[in-house]
Every structure is written in C-alpha cells, then in structure tokens.
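All remarks here apply to the structure that follows.
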Amino acid sequence: MPERLHLAAPRVRPLLPLWAAGVVATAAGLVLTLAFPAMSWWPVVFVAVPLGLLTLIGRRTGGAFTVGLLFGVGLFFVNFSFTARYLGPVPWIALSTLESLLTAVMAIPIAWAYRWLPRWAPGTAGRLLVLPALVAGLWVSREELQGTFPYGGFPWTRIAVTQADSPLVHVTSWTGMSGLSFLIVFACAAAIEAARLGRARGVPAAALRILPAGITVLVLFLLPAFPTSDAGSIRVGAVQGNGPAGYFDQRAAYDVFRAQLAATRPIEDRDIDLLLWPEGGIDADPLSNTSVRTALDALADRVGAPLLVSGVTQRGDQYFNSSLLWKAGGQNPTALYDKRHPVPFGEYVPDRWFYSMLAPDLIGLIQREYTPGTTTPMFDVNGVGVGLAICFDVIYDDVIREGALSGAQVYMFQTNNADFRGTDENLQQLAFARIRAVETGRAVVNLSTVGTSQVIGPDGRTIDALPADEPGAMVTDVPLRTGLTPGILLGDAIQTLLGWGSVVALALVGLIVRRRARTPKTPTPEGAGVEAGE
C-alpha cells in the first residue's frame with residue numbers, strides 16, 4: 001500500500017502591505033461608525049467587518065497590533081466624541097485610546113487564527129466553517145474584554161448594537177447580544193474564505209463554498225423573535241421634566257425636582273398604575289430630606305398610584321445612585337435599587353491618587369464617590385414585576401438578565417442625558433434599550449430627564465415618545481409579558497462559550513501547530529509537491 005503523505009498548508013501571507021492595511025483598517029473603523037445612531041446605517045457592518053478582517057490575514061503579531069490599533073482609532077475616536085461635550089478632549093482621548101489599544105491587543109489572536117488554523121485544518125471544511133467560527137468567537141472575546149476591563153469595562157460598541165433598527169435584531173431573543181455579534185462576524189469571515197479558496201470547478205462546488213455564509217445570512221434575516229406570553233398591560237405615566245440636570249447647568253436647590261413636579265401636573269388626574277420619573281429627577285436625598293419626602297407623599301396621594309423615582313441617596317459614608325418605589329401611606333421608600341455599574345471617572349474615580357497626578361483639575365470635579373449597588377434590579381409594583389436599569393446599567397448584560405430571571409414583566413430604564421445634549425449619546429443608549437426589549441421579549445419605558453424618552457414594545461417598535469429637550473409627560477398602556485427567551489436563559493452561557501471558548505481553542509490549535517513544526521518531517525518522494533509549513 002502506498003504511503004499517505006501529509007500535505008502541509010502553504011504559508012498564509014498578508015493580502016495587503018502593511019501601509020495599505022493600515023489605511024483600510026482605519027477606513028473600516030470609520031465605516032463602522034455609520035452603523036451606530038444617529039446614522040444607523042446598519043448594513044454597513046457587512047462592509048466594515050470584512051474590511052477589518054482582511055487587514056489581519058497573514059499578519060504577524062506586530063502588524064496585527066498596528067492595524068488593530070488603526071481600526072480602533074477610526075471607530076472609537078468618532079463614536080466616543082460625545083464624551084468631550086463638556087469636559088473637553090482629555091476624557092475623549094483617554095477612553096478612545098484605551099479602547100483602541102484593547103482592540104489592537106485582541107487583533108493579534110485573530111491574526112494568529114488566520115495563520116495557525118489552516119495548518120491544523122487545511123481542508124475546505126476547516127477553511128469555511130472552523131476558521132470563521134474561531135475568528136467570530138475571538139471578535140466576541142474582544143467585545144467581552146472591553147465590557148469587563150478595566151474598572152468594569154465599557155461595552156458600548158458591540159456589533160449587535162448596530163442592529164437595533166434592523167431585521168437582525170430578533171436574533172438577540174435567541175442568542176443574546178453576543179450571539180448576534182458572532183453570527184454577523186461568522187457570515188463575513190465565511191464569505192471571505194469562500195472567495196479566498198479560489199475559483200470553484202462547477203456550480204455545485206461554488207454553491208457549497210458559499211453555503212456557510214449564505215445559510216448564516218438567511219438565519220440572521222429570517223429568524224423571528226422568540227415569542228413571550230401576553231400578561232395584560234400596565235398604564236404608566238412617564239414624565240420628562242427637562243430641568244437643569246446637567247453637571248454644569250446653572251441651577252438653584254430643588255430646580256430639577258420642581259421641573260419634574262411641574263411637568264407631572266397635566267397628568268395628575270389621569271388614571272395610571274405607576275408614575276415614572278427619570279434618573280436624578282430629585283436633586284436632593286429622598287431618604288433624609290423632610291420637605292422632599294413630604295412632597296413625594298403628597299404626589300403619591302394626588303395621582304393615586306405608586307411613584308418610581310430616582311435620586312442620590314446616602315447611607316453612612318456611602319453614596320448611591322438609586323431608584324426608589326414610593327407609595328401613598330407606605331413606609332417609604334417601599335423598595336430601593338442602587339445602580340449596579342457606576343461610571344468610572346463620571347460617578348467615581350478609581351485609583352484617585354494616580355489619576356489626580358495626571359489631571360488634577362478634571363479629577364477634582366468629581367467629589368462624590370458612588371458605591372456599586374448589590375440589590376436585585378426588580379421591583380414588585382402591585383403584583384407587576386418591573387425590571388430596572390439606571391442610565392449605563394442598560395449596556396451591561398448582568399443587570400438585564402437578573403431582572404428578567406427575578407420576574408420582570410416590563411422594564412423601566414431611568415436615565416439622565418443632560419450632559420450629552422446635542423450629541424449621539426442619547427440615541428446610542430436608546431439603541432441599547434431597543435435591543436433589550438427584543439432580547440428579553442418585554443416592553444421598555446426608557447425615560448430621560450431631557451430625552452430621548454420612548455416606550456418600546458417587546459418587538460422593538462416605538463409605542464410612544466416625547467420630543468427631546470422639552471418638558472412633557474406621556475400616559476401609555478405598556479404591554480406586560482411572561483416567559484423567558486433563550487437569549488436570557490442561555491445568553492450568559494453563549495457569551496462565555498464563544499468568548500472564552502475561542503481563546504482556549506486558539507491556544508490548543510497553536511500548541512498543536514508548534515508541536516507539528518518541531519516534529520522531524522519524513523522525506524517525501526521527489527515530485528510530491530509538499531510545501532513546508534511556516
């Protein structure tokens with residue numbers, strides 16, 4: 001029997017010289033910004049992601065870091081420009097640079113995957129299925145890293161967020177946000193490999209090559225939202241006071257509180273089940289301020305419904321950004337939720353001693369240090385489970401998932417966008433709220449001090465809204481839902497499997513490839529055409 005020969009995969013070479021790859025990577029990052037609100041051109045992800053991946057094929061470690069950094073610069077310096085609205089360029093440059101560096105670091109494993117995996121699995125299945133899956137998983141691992149590191153992370157630019165207004169958003173109800181990011185990147189990576197394999201012989205072979213990418217795209221566009229069960233409705237009065245709630249707004253004591261009270265008056269005689277105010281709608285501590293407590297008691301009496309309000313509370317030496325449930329005649333507050341993820345350098349300063357040396361004037365502006373909350377993000381409001389998130393809490397999966405698992409039938413997101421008037425920040429945060437509605441199969445009331453305030457249905461469609469930068473109130477019958485979506489039940493496991501699983505898989509592939517490279521090769525017969533691996 002003739003001896004079987006092991007044909008090593010040819011060395012993967014860069015598709016572009018480094019200078020051209022840098023230009024393309026920067027352009028890819030810039031194109032990707034167009035997919036986020038306010039532009040919301042969601043189809044451009046299928047241009048930006050392939051461009052970004054093409055620059056990494058065949059790159060060595062240093063080159064991958066360079067093009068990854070330039071991709072991040074193109075994306076983050078534009079997308080995070082809202083952070084310079086009031087505090088100037090230092091926070092914007094610092095945050096954008098940090099996220100760009102993380103992107104650069106995580107570009108290296110993707111480049112390694114393109115170099116190593118074809119040596120381990122050089123066949124068609126390896127190129128069209130295994131390699132795209134590994135690349136997409138590593139992309140998710142980068143999103144997970146940015147969502148947890150440092151200081152709790154900032155998962156603001158996940159690929160899934162770009163699809164808040166697209167037909168693809170329904171996938172999140174099955175896979176969570178990480179699953180949607182994975183499928184989009186997989187489709188792009190599989191299409192690249194189908195093209196890189198060269199001209200196919202015959203129509204059947206060509207069709208087989210595009211099958212992985214094609215099926216994934218069909219799933220993305222045709223998969224309906226997972227159905228949850230109708231559980232009636234709750235009538236919510238949501239009030240946008242448009243008070244001077246910004247960090248640098250000129251205001252006197254209680255001005256924000258008075259603005260909320262004034263905007264509430266037109267609906268005080270309406271029949272409602274819950275009155276909702278935004279984050280920071282009370283500019284005094286409701287736990288200790290007697291006049292505020294008295295005013296809230298009186299308001300609850302007048303509207304004849306519980307109040308879901310928000311303010312800064314102090315307990316001992318600790319400060320919290322809190323949601324409070326207030327009921328007429330109750331031992332108020334009857335329930336309390338503290339923001340789970342205070343914003344570093346916005347609501348507290350980690351390692352203050354160090355950063356004070358770098359930017360003492362900016363750090364000195366942040367006097368109050370908010371403590372992360374530990375309470376469950378869900379209130380029982382007269383038998384209705386109300387899930388909670390305060391401002392940037394909405395971008396963290398754990399808060400949303402815990403609310404649903406604790407019995408939330410609807411979500412109330414309280415936020416204060418006054419520091420970002422005139423920027424895309426409030427629209428990008430609203431995109432997260434829309435994604436969460438579909439992911440959980442629950443309606444969301446997203447209420448801001450100044451806008452954008454909307455009621456979003458379980459299907460992601462807008463039910464009601466208030467004009468931005470104007471005081472106003474809306475009374476809306478908000479659907480209630482029961483039943484848990486796979487995106488909630490399995491989302492954490494999917495994220496862990498894709499993120500950490502891809503890292504472990506890459507490490508194993510790298511180990512196997514290195515071991516093969518060190519194994520002495522058996523001389524091959526002349527003319528066998530075996531290419532030595534790199």
Side-chain angles (χ1 to χ4, degrees), residues 1-16 49-50 52-61 64 107-141 182-220 497-498 500-534:
M1 179 180 290
E3 181 182 2
R4 293 186 64 184
L5 300 177
H6 173 71
L7 300 181
R11 179 166 56 187
V12 179
R13 298 185 181 277
L15 301 182
L16 299 168
V49 172
L53 294 178
L54 286 171
T55 64
L56 294 173
I57 294 175
R59 294 255 95 83
R60 293 186 180 274
T61 300
I108 295 171
I110 295 178
W112 288 346
Y114 276 118
R115 294 174 68 84
W116 295 345
L117 198 133
R119 303 186 209 172
W120 175 67
T124 302
R127 292 283 298 278
L128 294 178
L129 293 172
V130 184
L131 178 57
L134 182 56
V135 167
L138 291 169
W139 189 294
V140 170
S141 71
F182 173 86
L183 290 173
I184 290 172
V185 179
F186 176 89
C188 294
I192 290 172
E193 292 309 299
R196 289 180 64 216
L197 280 172
R199 188 173 180 179
R201 295 180 179 178
V203 175
L208 284 174
R209 286 188 181 182
I210 65 171
L211 206 56
I215 290 176
T216 306
V217 169
L218 287 177
V219 169
L220 285 168
L497 177 64
L498 295 177
W500 284 104
S502 63
V503 172
V504 172
L506 179 67
L508 291 174
V509 170
L511 192 64
I512 293 170
V513 168
R514 286 177 63 87
R515 183 169 295 177
R516 283 182 180 177
R518 292 174 179 174
T519 302
K521 294 180 175 59
T522 304
T524 58
E526 185 177 355
V530 179
E531 281 196 69
E534 183 182 2

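Note that the structure is a prediction, hence the values are computed from the model and not measured.
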Whether R59 side chain and T55 backbone form a donor-acceptor pair below 3.5 Å: yes

Among all residues two or more places apart in sequence or in another chain, which pass the side chain to side chain contact (heavy atoms under 4.5 Å, CB included) test with [X]?
X: I108; value: T61, A64, F65, W112
X: I192; value: P50, L53, L54, I57, R196
X: V217; value: A187, F221
X: L508; value: V504

Among pairs that include at least one residue of residues 504-513, which meet side chain to side chain donor-acceptor pair (under 3.5 Å), considering only residues two or more places apart or in two chains? none

Any L506 side-chain heavy atom under 4.5 Å of V503 side chain: no

Test applied, side chain to side chain contact (heavy atoms under 4.5 Å, CB included); reference residue, V509; option that passes from L511, I512, V513: V513

Is there a side chain to side chain contact (heavy atoms under 4.5 Å, CB included) between L128 and L197 once you walk through the steps? CA-CA 9 Å; L128 294 178; L197 280 172; 3.7 Å; yes

[atom1]/[X] to [atom2]/[Y] distance, rounded to the nearest 0.5 angstrom?
X: L134; Y: Y114; atom1: CG; atom2: OH; value: 9.5 Å
X: I215; Y: L183; atom1: CD1; atom2: CG; value: 12.5 Å
X: F182; Y: L498; atom1: CZ; atom2: CG; value: 5.5 Å
X: I110; Y: S141; atom1: CD1; atom2: OG; value: 7.0 Å

Closest non-hydrogen atom pair between [X] and [Y], with its separation:
X: R209; Y: A194; value: O-CB, 3.5 Å
X: A136; Y: F186; value: CB-N, 3.5 Å
X: R115; Y: G58; value: NH1-O, 3.0 Å
X: L117; Y: G126; value: CD2-O, 3.7 Å

Would you mind listing every salt bridge (Lys or Arg N to Asp or Glu O under 4.0 Å) that reaches into residues 129-141, with sequence neighbours excluded? none

Checking side chain to side chain contact (heavy atoms under 4.5 Å, CB included) for the pair V135/L138: CA distance, chi angles, key distance, verdict? CA-CA 5 Å; V135 167; L138 291 169; 5.6 Å; no

